[in-house]
Amino acid sequence: GPRPQGPERSASADFLPARHAKLGERFRGVRLVVPAGGYKVRNNDCDYRFRAHSAFAHMTGLGGELEPDSVLVLNPVGDEHEATLYFHPRASRSSEEFYADARYGEFWVGARPSLEEMSTLTGLKCAAIDTLGDALAKDLGQVQMAVVSGVDAGVEAQVIDLRESAGIAESCAKLDTELAEALAELRLVKDDFEIEEMRKAVAATHEGFEAILASLGRAKGHRRGERVVEGAFHAKAREEGNGLGYDTIAAAGNHANTLHWIGNDGPVRPGEMVLVDAGVEVDSLYTADVTRTIPVDGRFTAPQRRVYEAVLEAADAAFVRAGRSGVRFRDLHSAAMEVLARRLHEWGLLPEGVSAEDSLSPEGQYHRRWMVHGTSHHLGLDVHDCAQARREMSMDALLVPGMVFTIEPGLYFRADDLLVPAELRGMGVRIEDDVVIRPDGRPEYLTAAIPRRPDDVEAWVSGLIAD
Ligand code: GLY
Ligand code: MN
Ligand code: MN
């Protein structure tokens, strides 16, 4: 029978030519090969759900589970590049693949798009993957070639072999690293489509936190209450988005002091706070990254509130710093540390005779005992976005409109840390918000609607405010 209507042009398609042109500017005369990656085996014939490499997602606008084993090629033509998306189009319903291929066959995993459908969806010229080899080999020597490495071993080996045969292995030696850097640096400044997707990711994450609050009663009654919290968020992430941007941290009490606590197998006890670090990745694969530290009974104890307020003050200091002109990315961390060092000094936690200023000096850093991680990272398709960007383009760079990043200071007082007063031991607080620099240079909390001030958090947990 007739097949259903194919997909419509995606909202991202209009943004792709500018992204390609910007990347191409750095690589005149170089063929750029950007693979999506393929399925990853979980065991035997069971694969993990497919999620494309973020550079591929950015350059094609493809999200969801589209499209394993695809490769985007930007081919140099004069001073520009022409994009072609190579992928495995669906096989006919009378093919062996349709019935017998459990990994790719339509009867097993559903229909893949046709060439025409993919072209409509992305606005890109599309071709069958079995023509990729010829396309990569064409005119090699006259053109150089770079590949995003570590994504698709088969495609990477093909590129390396072809470069060797064409005698250009040496001239291309540094190109792969430069391509990875360029793709990451391109994402440091988000376009309007991307910022809209970030807003959607934050909205879905907000819903996820609402679901967590609704689950707290059950969490407190369950031997693995942290799993109840994790599950509540996960359900929303799948309902509203593609899934999680990263494994949820649901850390009650002293578990909050294990920064990557993702086992989440502990109880949620009355009187404790639970630190939840979670983000929904929407269908376009952009993710939020939010942490809230929630008093499970709806009230902070006095020591909990004291720590919470110090962390909040540090976060807001970083946010205010982001609004100043001439601010570099790394200055956000300094702003937060200035507050925490001061508070820790006031509480008598720094060694005797060490002032907050001493601690902030490069040789000091005593306060870092209780705040070991960074305060900010770029955010987007990857939770730690743009990680391959050169330092001068990221940590040392000026903040500019379109940048999206987190502000996430914390204080972590382990139960076995005898340097801190007993009343503070066994609690960890992190407050993590997502920020965009607006066109006027001012920062905006994308996550402003998710309660973060202590009174608001208490009212939120107690069900007194609905958002
Ligand atoms: N959720 C990872 C991070 O906050 O960086
Ligand atoms: Mn983060
Ligand atoms: Mn986080």
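Atoms within each ligand, like the ligands themselves, are counted from 1 in listed order.
Listed by number with element, the atoms of ligand 1 under 4.0 angstrom from any heavy atom of E408 are 3 (C), 4 (O), 5 (O). Close approach of ligand 1 to H377 is summarised as follows: ligand atoms under 4.0 Å from at least one heavy atom of the residue are 3 (C), 4 (O), 5 (O).
The aromatic rings of Y308 and F300 lie tilted to each other, with the angle between the two planes from 30° to 60°.
Closest N/O/S atom of E408 to the Mn ion (ligand 2): OE2. Considering just the N/O/S atoms of D289, the one nearest the Mn ion (ligand 3) carries the name OD1. Looking at H377 and the Mn ion (ligand 2) together, the shortest N, O or S contact belongs to NE2. When you scan the N, O or S atoms of E432 for the one nearest the Mn ion (ligand 2), you land on OE2.
Between R430 and ligand 1, a contact under 3.5 Å exists for no N or O pair.
Counting heavy atoms of neighbouring residues, nucleotides and ligands inside a 6.0 Å radius, atom CD of E392 exceeds 12 of them.
Among the atoms of H384, no N, O or S atom is found under 2.8 Å from the Mn ion (ligand 2). Within the coordination shell of the Mn ion (ligand 2), defined by N, O or S atoms under 2.8 Å, D277 is absent.
Under the 4.5 Å side-chain criterion, counting only non-hydrogen atoms from C-beta, D385 is not in contact with V404.
In terms of protein heavy-atom proximity, atom 5 (O) of ligand 1 is closest to H384 NE2, 2.7 Å. In this structure, the protein non-hydrogen atom closest to atom 3 (C) of ligand 1 is D289 OD2, 3.3 Å.
Put simply, the side chain of R438 never gets that close to the backbone of G441: no donor and acceptor are under 3.5 Å apart. The main-chain N or O of T406 is never found under 3.5 Å from a side-chain atom of H377 such that the two would form a donor-acceptor pair.
Assignment of H373 to the shell around ligand 1 is not supported, since no heavy atom sits closer than 4.0 Å.
Under the 3.5 Å distance criterion, with hydrogens and angles disregarded, no donor-acceptor pair is assigned to the side chains of D331 and S334.
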ask   = Run the side chain to side chain donor-acceptor pair (under 3.5 Å) check on S149 and D176 step by step: do they pass?
value = CA-CA 7 Å; S149 58; D176 294 351; 5.4 Å; no
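In this structure, E444 pairs ionically with R199, as a charged nitrogen and a carboxylate oxygen lie closer than 4.0 Å.
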